[in-house]
2 protein chains.
Amino acid sequence: MLSKKAQYAFRALTHLVENYNKGPVLISEISKKKKIPQKFLESILLGLKQHDILESKKGRGGGYYLKEHPSQTYIATVMRIVDGPISLLPCVSLYFYKRCKNCNEKRCGLHDIMENVRDATLNILERRTLQDLV
Amino acid sequence: MLSKKAQYAFRALTHLVENYNKGPVLISEISKKKKIPQKFLESILLGLKQHDILESKKGRGGGYYLKEHPSQTYIATVMRIVDGPISLLPCVSLYFYKRCKNCNEKRCGLHDIMENVRDATLNILERRTLQDLV
DNA sequence: TAAAACCCTACCAAACAAGTAGGGTTTTAT
DNA sequence: ATAAAACCCTACTTGTTTGGTAGGGTTTTA
């Protein structure tokens, strides 16, 4: 399951897509429009900025905005930043790989199944972009 | 991610598949062979029994065994029993559905994407069975 | 009839989720 | 220049979940 944090992130990003190229958007505006606790939202947006999804402008007239065109940011990327691994097992994860104790990946049935699930999932999440959210 | 509990469950079930039709298997044997804390394993197996995946026999010569042929129990079923929902959002879950606040399913981009992911995932997990574990 | 085996309840520590509180720093319009 | 606007950062809190442990009770069958 996506965490609430991730769901907030997508709701916020949706708002930024809807306001793409209209200049920086206030945290307070996103918070109000999308009903997300402001302080919590702050930390989410900061994380997305630190991972190059967003950019921000300080001072009066500042706010957050998308770094790239909505069609250039993949759903999978955002999920990994906010929630971590997408795969169902560490031993099949591409970005968070950890080998598993008690399973020698070459002949582990569960490994194979979860590898299939990963491929099917990423096939969607690494094609769909923020643009698809609106 | 699958919980450790679910991973234990699959390891235990693998052992039971390997010993299908050889009579009841002791908890203590599964625990030892698959390196699963015995008491924890007990509660896992009990849950699987209560959900009709396993059957057990008490008394001397007792133990756990698969209720049906390994090819008749789906991976998805086990995952739902042990870890709950497979879907990434409550509003796209088939067995644990909850409508979402602040998203009117008809025109929510995220909903659509996660529905696709669910279908792709279940397409695998509802076809693969315990037999595929060995 | 006693040992083998499952069954059940309670408890526990650590980690994580979902925030809240409060203040610091930087920028920019005036 | 300066104050208000806005982002940035740290620490704390509360509740739930995870991953167990402890200890005993009940049922069965050799």
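Every value quoted in this text rests on a predicted model; they were computed, and no experiment measured them. To find a chain, count down the sequence lines: A is the first, B the second, and so on, and within it residues start at 1.
Considering only side-chain N and O atoms, B:Tyr64 lies under 4.0 angstrom from the phosphate OP1 or OP2 of C:dC7. In this model, the phosphate group of C:dA18 is not approached by any side-chain N or O of A:Tyr8 to a distance below 4.0 Å at OP1 or OP2. Taking 4.0 angstrom as the limit, A:Lys49 places none of its side-chain polar atoms (N or O) nearer than this to OP1 or OP2 of D:dC7. Contact check, A:Lys5 against C:dC16: no side-chain N or O comes under 4.0 Å of OP1 or OP2. The side chain of B:Ser56 contributes an N or O atom lying less than 4.0 Å from OP1 or OP2 of C:dC7. For D:dG20, neither phosphate oxygen OP1 nor OP2 lies less than 4.0 angstrom from any side-chain nitrogen or oxygen of B:Ser43.
Clustering ILVMFWY residues whenever any of their side-chain heavy atoms sit less than 4.5 angstrom apart, transitively, puts B:Ile36 in a cluster other than the one holding B:Leu26. Residues A:Met114 and A:Tyr95 do not share a hydrophobic cluster, clusters being chains of Ile/Leu/Val/Met/Phe/Trp/Tyr side chains in contact below 4.5 Å.
The nearest heavy atom of DNA chain D to A:Gly62 and to B:Arg60 marks one nucleotide each, and the one closer to the 5' end goes with A:Gly62. Position along DNA chain C of the nearest nucleotide to A:Ala6 versus A:Lys57 favours A:Ala6 as the more 5'-ward residue.
Annotation for A:Leu45 and A:Ile27: closest pair CD1-CG1, 3.9 Å, computed over non-hydrogen atoms.
The listed nucleotides are D:dA5, D:dT29, C:dC6; the one nearest the side chain of B:Ile27 is C:dC6. When each of C:dG19, D:dT29, C:dC7 is scored by its nearest atom to the side-chain atoms of A:Phe40, the top-ranked nucleotide is C:dG19. Of all nucleotides listed (D:dC8, C:dG19, D:dA6), C:dG19 comes nearest to the side chain of A:Pro37. In the set D:dA30, C:dA5, D:dT28, D:dT28 carries the atom at the smallest distance from any side-chain atom of B:Lys58.
Remark: A:Ser3 OG to A:Met79 CE distance equals 9.5 Å, nearest 0.5 Å.
For C:dG22, the base has a donor-acceptor partner in the side chain of A:Lys39 [N/O atoms by modelled type, under 3.5 angstrom]. Between the side chain of B:Glu42 and the base of C:dC7, a donor-acceptor pair under 3.5 Å is found.
With salt bridges taken as basic N to acidic carboxylate O contacts below 4.0 Å, one links B:Arg80 and B:Glu126.
Base-pair partner of D:dT29: C:dA2 (Watson-Crick or G-U wobble, both distances under 3.5 Å). A 3.5 Å limit on both hydrogen-bonding distances identifies C:dC11 as the Watson-Crick or G-U partner of D:dG20.
Within the nucleic acid shown, B:Gln50 comes within 4.0 Å of sugar-phosphate atoms alone, with no base atom in reach, counting heavy atoms only. Residue contacts shown for B:Leu45 are absent, as no nucleic acid heavy atom lies under 4.0 Å away.
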